[in-house]
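One structure below.
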Amino acid sequence: MIKIYNSLTNKKEEFLPIDKGHVKMYSCGPTVYNYFHIGNARPFIFFDVVRRYLQYAGYNVKFIQNFTDVDDKIINRAIQEGTNPKALSEKYIEEYFKDADALGIKRADAHPKVSDNITQIISLIQRLIDKGMAYEKDGNVYYRVSSFAGYGKLSKQDINDLEAGARVEVSGEKEDPLDFALWKKKKEGEIYWDSPFGQGRPGWHIECSAMAFSYLGEQIDIHGGGADLVFPHHENEIAQSEGATGKQFSKYWMHNGYINIDNKKMSKSLGNFFTVRDIAQEFDLSTVRFFILSAHYRNPINFSRDLIKAAENSLERIYNAKNNLDYLISLNKNSKADDDNEFNEELNKYKKQFCDAMDDDFNTADAIAAIFELVKFININADENSSQNKLYAAQSLLNELTGVLGIAQSIDTQMLDKDIEELIEKRQQARKDKDFALADKIRDELKAKNIMLEDTKEGVKWKRI
RNA sequence: GGCGGCAUAGCCAAGUGGCAAGGCAAAGGUCUGCAAAACCUCUAUCCCCGGUUCAAAUCCGGGUGCCGCCUCCA
């Protein structure tokens with residue numbers, strides 16, 4: 001039984017999708033005006049894992065993550081760079097996929113763009129106007145917050161407290177300071193679309209409601225995003241969606257914690273961020289994925305190079321175990337087909353431990369601990385005399401579990417160059433001849449070429465470093 | 001002001017009532033020609049003070065410290 005911490009109720013709840021066996025999930029994607037930073041990467045990675053695990057658990061998952069490609073920040077940035085918003089957003093969508101791929105994030109079933117969904121957005125706005133939940137003022141359309149009784153239920157804000165703390169209204173066009181824009185009237189020189197309420201473009205919040213509706217339907221199972229989206233973005237999504245349909249929009253809301261720098265939230269506005277592209281200069285991005293998954297998703301994570309470095313060392317342990325299994329299998333020393341029930345039962349224990357952790361609100365930190373315990377078990381119990389059956393069973397489980405998290409995937413299958421192989425051969429001969437000076441010299445030489453040798457009872461192992 | 005979160009070893013980090021997971025780092029050991037990997041050993045008055053309980057890291061009350069949302073943000 002999978003349990004999910006639902007931000008709507010602030011409780012862990014049993015996960016029961018609306019349609020048995022099927023999961024509809026939506027996660028807020030990036031506003032594409034720059035490379036994304038590691039803070040942004042966290043939800044992308046985490047919800048990728050949620051999706052993978054639900055699939056692993058047997059659900060048929062439909063997963064949508066949007067691109068916000070119509071927005072003030074994009075327009076401003078385009079002006080700065082002397083380009084147009086469309087070209088700019090297209091560029092950063094491409095760059096998004098490069099980084100996402102390197103982070104091991106699978107493509108969603110669809111990545112809809114705001115600019116491709118204007119019709120749906122307009123009709124949703126119209127629907128709200130028709131119901132009296134939105135109003136047009138001089139080419140702008142606003143959501144009438146007072147018309148939605150549940151406003152504040154996600155962020156647990158009392159509407160009166162919000163009023164008290166609300167900023168002084170700038171435009172004075174709104175009936176209430178809490179009302180928010182569904183449609184923004186065109187400003188001179190800005191990108192715009194025609195609509196029944198005049199030329200303009202959609203506000204930020206409406207896009208997610210409209211795209212979720214058109215790709216998943218009016219009721220979805222899981223809606224995810226960073227904790228900073230709870231208010232106002234997700235609160236507004238609920239108001240729009242449920243206001244229009246009268247039905248519950250998302251059954252479960254999931255929000256990941258922040259990535260911090262020196263215990264302070266990493267954000268574009270504070271400027272204390274590292275883009276994933278920056279980090280890629282120094283570290284393999286699969287390490288960043290492992291690092292992010294090594295803490296529980298609702299807890300904040302501090303980011304620093306030292307911590308990524310520690311994560312890199314930690315991951316190495318899993319790679320070593322995988323490489324070792326490959327090596328033992330390649331020796332093919334014991335091809336007996338003896339099934340060892342005790343061994344298989346032990347393996348299953350770790351699998352269960354992993355699944356129990358993931359079932360409990362996707363506790364990836366605990367799931368990783370289960371993988372480490374499996375690694376230790378394999379290191380102790382798999383050796384050159386183990387049967388191929390055992391080795392394959394161990395390998396298959398290790399691959400299966402790391403695959404669910406998408407970690408330790410980049411196993412090197414590249415063959416060695418001829419001259420490297422010759423050097424290894426030459427060193428083996430030197431060792432036989434007890435010419436250790438030569439052997440060590442060759443080992444250092446290879447190390448300089450990023451080939452690390454390890455001598456074992458059965459022969460020499462190598463790995464790229 | 002309103003709402004919410006967090007505090008566990010040198011570091012990272014799980015754990016919501018029953019002898020405190022896992023990883024990194026350091027130290028010692030086994031194995032090895034040496035290394036590497038692996039294995040073994042070692043490392044915690046769970047922020048403080050009270051309370052409830054046979055039993056508290058975990059529940060309750062009170063502190064202290066840090067952070068977040070209430071405004072664009074993942």
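In what follows, chains are A, B, ... by sequence order, proteins preceding strands, each numbered from 1. None of these values were measured; they are calculated from a predicted model.
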Quickly work out the A:Asn320 CG to B:C39 P distance and round it to whole Å.
-> 10 Å
Is there a side-chain polar atom (N or O) of A:Asn160 under 4.0 Å from OP1 or OP2 of B:G2?
-> no
To the nearest Å, how far apart are A:Arg298 CZ and B:A7 P?
-> 12 Å
Tell me, which of residues 258-267 of chain A have any heavy atom that sits under 4.0 Å from an atom in RNA chain B?
-> A:Tyr258, A:Ile259, A:Asn263, A:Lys264, A:Lys265, A:Met266, A:Ser267
With heavy atoms under 4.0 Å as the rule, sort A:His37 into base, sugar-phosphate or nothing.
-> base
Touch class at under 4.0 angstrom, heavy-atom based, for A:Ile371 against every strand present | nothing
Can the positive tip of A:Arg42 be found less than 6.0 Å from the middle of the six-membered ring of A:Tyr258, inside 45° of the ring normal?
-> no
Look through every strand shown and name the nucleotide pairing with B:A57 as Watson-Crick or G-U wobble, where both distances are under 3.5 Å.
-> none
Heavy atoms under 4.0 Å is the rule here; annotate nucleotides 21-32 of chain B 5' to 3' with B where the base is hit, S where only the sugar-phosphate is, and - elsewhere.
-> BSSSS-------
Quick one: label A:Gly225 by what it contacts on the DNA or RNA (base, sugar-phosphate, nothing), any heavy atom closer than 4.0 Å.
-> sugar-phosphate
Using the C1' atom on both, measure B:C12 against B:A25 and round to a whole Å.
-> 10 Å
Under 30°, 30 to 60°, or over 60°: which ring-plane class applies to A:Phe274 and A:Phe303, parallel, tilted or perpendicular?
-> tilted
What distance, rounded to whole Å, do you find between the two C1' atoms, one in B:G17 and one in B:C54?
-> 12 Å
Between B:A36, B:G15, B:C39, which nucleotide gets closest to the side-chain atoms of A:Met452?
-> B:A36
Report the residue (A:Ser155 or A:His233) whose heavy-atom-nearest nucleotide on RNA chain B is the more 5′ of the two.
-> A:Ser155
Taking atom P in both B:C46 and B:A57, compute the distance separating them and give it to the nearest angstrom.
-> 7 Å
Does A:Lys12 make a cation-pi contact with A:Tyr5, if we ask for NZ or CZ under 6.0 Å from the ring centre and within 45° of the axis?
-> no
Is there a Watson-Crick or G-U wobble partner for B:C34 with both distances under 3.5 Å, and if so, which one is it?
-> none
Can you say whether the rings of A:Phe231 and A:Tyr151 are parallel (under 30°), tilted (30 to 60°) or perpendicular (over 60°)?
-> perpendicular
Starting at atom CD of A:Glu235, determine the distance to atom C1' of B:U71, rounded to an integer number of angstrom.
-> 15 Å
Identify, between A:Asp158 and A:Ala321, the residue whose nearest nucleotide on RNA chain B lies closer to the 5' end.
-> A:Asp158
Below 4.0 Å: OP1/OP2 of B:G4 and any side-chain N or O of A:Asn10 | no
Specify whether A:Tyr143 and A:Phe148 have parallel, tilted or perpendicular ring planes, treating 30° as the upper limit for parallel and 60° as the lower limit for perpendicular.
-> perpendicular
Rounded distance in Å between the P positions of B:U58 and B:G15 = 15 Å
Step through the shown structure and confirm whether more than 12 heavy atoms of other residues, nucleotides or ligands are within 6.0 Å of NZ on A:Lys426.
-> no
With heavy atoms under 4.0 Å as the rule, sort A:Gly224 into base, sugar-phosphate or nothing.
-> nothing
Test the A:Lys113-A:Phe67 pair against the cation-pi criterion, namely NZ or CZ under 6.0 angstrom from the six-membered ring centroid and within 45° of the ring axis.
-> no
Sugar-phosphate only, base, or nothing, as touched by A:Arg305 at under 4.0 Å among non-hydrogen atoms = nothing
Taking a pair to mean Watson-Crick or G-U wobble geometry with both distances below 3.5 Å, B:C66 pairs with B:G5
Respond yes when some side-chain nitrogen or oxygen of A:Trp462 is under 4.0 Å from OP1 or OP2 of B:A36, and no when none is.
-> no
Please name all residues satisfying side chain to side chain contact (heavy atoms under 4.5 Å, CB included) with A:Asp383, sequence neighbours left out, ordered by chain then number.
-> A:Asn385, A:Ser386
Whole-Å distance between B:C6 P and A:Asn256 CG?
-> 15 Å
Using both distances under 3.5 Å as the test, list the Watson-Crick or G-U wobble partner of B:G28, or none.
-> B:C40
Please work out if A:Asp440 contacts a base, only the sugar-phosphate, or nothing of the nucleic acid, heavy-atom cut-off 4.0 Å.
-> base
In terms of the angle between their ring planes, are A:Tyr56 and A:Phe354 parallel, tilted or perpendicular, with boundaries placed at 30° and 60°?
-> perpendicular
Sugar-phosphate, base or nothing in reach of A:Asn323, heavy atoms under 4.0 Å = nothing
What is the distance, rounded to the nearest whole Å, between atom CD of A:Glu454 and atom C1' of B:A35?
-> 10 Å
Whole-Å C1' distance, B:G23 and B:U43 = 14 Å
Please answer whether the main-chain N or O of A:Leu103 pairs with a side-chain N or O of A:Arg289 as donor and acceptor at a distance below 3.5 Å.
-> yes
Please check if the distance between the ring centroids of A:Phe44 and A:Tyr96 is under 6.0 Å.
-> yes
Which whole-number value in Å describes the distance from A:Ile74 CD1 to B:C72 C1'?
-> 13 Å
Any strand is fair game: report the nucleotide pairing with B:U71 by Watson-Crick or G-U wobble, both distances under 3.5 Å, or none.
-> none
Sticking with atom C1', work out how far B:G4 lies from B:U45, rounded to a whole angstrom.
-> 31 Å
Mind checking the P distance from B:A27 to B:A35? Whole angstroms is fine.
-> 14 Å
Expressed as a whole number of Å, how far does the C1' atom of B:A21 sit from that of B:A14?
-> 6 Å
Count the heavy atoms of every other residue, nucleotide or ligand shown that sit under 6.0 Å from NZ of A:Lys187, and state whether that count exceeds 12.
-> no
Could you check how far NE2 of A:His234 sits from P of B:C72, rounded to whole Å?
-> 14 Å
For A:Asn299 and B:A74, give me the distance from atom CG to atom P, rounded to whole Å.
-> 21 Å
